[in-house]
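Below is one structure, written out as structure tokens; the observations come after it.
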2 protein chains.
Amino acid sequence: MSGPKKSRPSSGRATVKTISESAGVAASTVSRALRGDPRISQETRERIAKIAHSAGYTPNALAAGLVTRRSGVIGLVVGRLENPFYAELIERLHEVLAARGKRAMVLHVGGTALDEETMRAVLKYQMDGCVIAAAPLDSTAAAICDQAGLPMVMINRVARVHSSAVSCDNQAGGRRLGELLIGGGHRRIAFVAGRADTSTSEQRMRGLGEALATAGLSRFAMVRGSYSYDSGFSAARNLVSGTIRPDAIFAANDIMACGVIDALRTLEIAVPDEISVVGFDDIRPARWASYRLTTIAQPMERMVDRALDLLDQRLGDPSLPGEDVQIPGALKIRDSARLPSGMARDAGEEMPATAIVPAD
Amino acid sequence: MSGPKKSRPSSGRATVKTISESAGVAASTVSRALRGDPRISQETRERIAKIAHSAGYTPNALAAGLVTRRSGVIGLVVGRLENPFYAELIERLHEVLAARGKRAMVLHVGGTALDEETMRAVLKYQMDGCVIAAAPLDSTAAAICDQAGLPMVMINRVARVHSSAVSCDNQAGGRRLGELLIGGGHRRIAFVAGRADTSTSEQRMRGLGEALATAGLSRFAMVRGSYSYDSGFSAARNLVSGTIRPDAIFAANDIMACGVIDALRTLEIAVPDEISVVGFDDIRPARWASYRLTTIAQPMERMVDRALDLLDQRLGDPSLPGEDVQIPGALKIRDSARLPSGMARDAGEEMPATAIVPAD
DNA sequence: CTGAAAGCGCTTACAG
DNA sequence: CTGAAAGCGCTTACAG
């Protein structure tokens, strides 16, 4: 029958309890008032809000999350930040999450495989879901989220079991670039692929293949890179080392295209006069004067918005099936590729959502 | 005298309680065993570990954090990710944090000012501290962390009240680059500054000033940029528009230096034959064939390690005073600057920790 | 070496 | 419209 134990020295911060005391109401009333529960009278709500504000009250998300099983935290898995595409993605993702009152917690960065240990942080912090934006296909993340019943959305890759996915229409984009090159008079179009375990590279290449087939052509060559600048650089050196050179190089992403252009520059091969180069993504350096890359811009903003919508919906109703969303990209015409006659550079045209059927 | 209320449907996950039941011990014993408390017998510890593992137990960090007032989360404020320096920093920071069993939560990204609302997330999620790596000086973050008694460390900027800071020895680096340029025969050295409210730009410029003064020279010109590619590009156009041109341009960071080089390339001014260019940071693109930038490499790995050490120490003992750590950078000699005769490119020499006193 | 109990700061049925 | 109470899943004095 000992007295109450002494509580640990508190941080001195205001809590629902301290506020309820100064307001002369119950803690539950404070909680409801602060969350805008309409059952609490307007007057009480305002009074409590005022007190909370002047006490510098900040709710403890850990305590709230413990009860609600919602932390307001989204886990983030992104590819190597050497690729500015992922850096831009983080920036945008953070912005949209913040606007929605949520926060991003970094789970994994880089090209290495996800281990289970890493994904456990999702459970540990009761995350509300995760966004996977690393190109390599990997199922550890899917397995953990699925087991925890957590929504998960892929960006820039295809969906896996029980996940949604948002990506650019890579195939249409690849086709569009293929058509542009063919229209520009190129006949020996080589492809610098990304890692073999990525859907984006495959889809972009398939689009190129379609354009080639329609024109009665076939791919001149294919070299596999790893989505890095260096791999684009080496790939280009390989491609031009033979006796017959390609007259155009389509790199599966922009950062490799930058490597391609630099390799050609080093070899004093003129771009686009001798060899045209196109990429995919529209990363910042694609606009730099050294590259002026003709490419497909991924609709980053819409992709992120859409991805977080999918996540939100599935957090509300976990039984919702996964969706696979494709958003058309936009062709950016700059200076790295010879154009069909009559087509102006910088005419940045929006890609149509549906397949382009060349008018014979 | 009603019966116990029904608890909300639990997630079905294992908890200390479910484990304590299957092990036939108290919850407190499970907690201690799992945390490796030496008071629990080896045998019991192992038995509990086994049960926990086979139950797929993952501790709930929210619950633990609520009690311990430690969340294992570090808040991150970084500058605009257009600058690969910050992207690399995130990558490295995440890596080291993960190795220490902690996680990074993104607080703010970009060049805009920190608002109080953002920094409140630090309190909301009971973060263990934060890392501020945005160049602009801003005191909101410092104020919030200080009020909460949280440790905070700046990377790439000077300390503020109650914070520690880790940065490259910017002044020595600036001096080193200045000496290199002067030794290479340059006499009209212009500086492209970063934002006025940043310490890094000022320190690098001061270092350059010292080198110039020692050689009896003064700065040829100064143009202010904003640490972006575009601002470097415009700055270079301004600098060469007059009748007397600089023979060297020192940009306060690499991304501006890339813009400078591209502007000169566009104007068909040869680098380094007509104008030498140097930068600071050693970001990835500095190594790209289009730039081959002579620059000072910031010791990113050591900076991050040191910063997190400082944070850890202050989390253990909040009374510790702030420290200001400067780590020497390393000169990277590439192709963007003419060299003193006899000095080889790529000789990447380590910068000395102490000031260089030129031997008359 | 282990257990029973209190409590971290919230939220939410339940009752009125 | 509001309150009292239970509980989320941990950890940690306290007691033995």
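Side-chain atoms are counted along with the backbone in the values below, which use heavy atoms only and exclude waters and symmetry mates. Sequence lines set the chain letters: A, B, ... in the order given, protein chains first and strands last, and positions in each chain run from 1.
Computed from coordinates, the B/Arg70 CZ to D/dG9 P distance equals 24 Å when rounded to whole Å. Rounding to whole angstrom units, CG of residue A/Leu62 and P of D/dC8 are separated by 17 Å. Atom-to-atom, CZ of A/Arg32 to P of D/dG3 comes out at 9 Å; the value is rounded to the nearest Å. The distance between atom NZ of B/Lys17 and atom C1' of C/dA4, rounded to the nearest whole Å, is 14 Å. To the nearest angstrom, P of D/dG9 lies 8 Å from CD of A/Gln126. What separates CZ of A/Arg35 from P of C/dA13 is a distance of 11 Å, to the nearest Å. When rounded to the nearest whole Å, the span between CD1 of B/Ile48 and P of D/dC10 equals 13 Å. D/dT2 atom C1' lies 16 Å from atom CD of A/Gln42, rounded to whole Å.
Classification of B/Asp309 and B/Arg100 as a salt-bridged pair holds, one side-chain N sitting under 4.0 Å from a carboxylate O. Ion pairing between a basic and an acidic side chain is recognised when a charged N comes within 4.0 Å of a carboxylate O; A/Arg35 and A/Asp37 show no such pairing. Using a cut-off of 4.0 Å between Lys/Arg side-chain N and Asp/Glu carboxylate O, A/Arg120 and A/Glu116 are scored as salt-bridged. A salt bridge links A/Lys17 to A/Glu21: at least one charged side-chain nitrogen sits closer than 4.0 Å to a carboxylate oxygen.
The base of D/dG9 has none of its N or O atoms less than 3.5 Å from a complementary donor or acceptor on the side chain of B/Arg13.
OP1 and OP2 of D/dT11 both lie 4.0 Å or more from every side-chain N or O belonging to B/Thr68. Taking only side-chain nitrogens and oxygens, A/Tyr57 comes nearer than 4.0 Å to OP1 or OP2 of C/dC10. The phosphate of D/dC8 has neither OP1 nor OP2 within less than 4.0 Å of any side-chain N or O from A/Arg69.
Base pairing annotation: D/dT2 forms a Watson-Crick or G-U wobble pair with C/dA15, both donor-acceptor distances under 3.5 Å.
When distances run from any side-chain atom of A/Leu66 to the nucleotides D/dG3, C/dT12, D/dC8, the shortest one goes to D/dC8.
Each of B/Arg39 and B/Thr58 has a nearest nucleotide on DNA chain D; the 5'-most of these lies closest to B/Thr58. The residue among B/Thr44 and B/Ala63 whose nearest nucleotide of DNA chain C lies closer to the 5′ end is B/Thr44.
Residues A/Met300 and A/Glu91 form no side-chain contact, since every pair of their non-hydrogen atoms from C-beta on lies 4.5 Å or further apart.
Across all strands shown, A/Ser41 has heavy atoms under 4.0 Å from sugar-phosphate atoms exclusively, and none from any base. Within the 4.0 angstrom heavy-atom criterion, base atoms lie near B/Ser28. Using a 4.0 Å heavy-atom distance criterion, A/Thr15 is classed as a sugar-phosphate-only contact.
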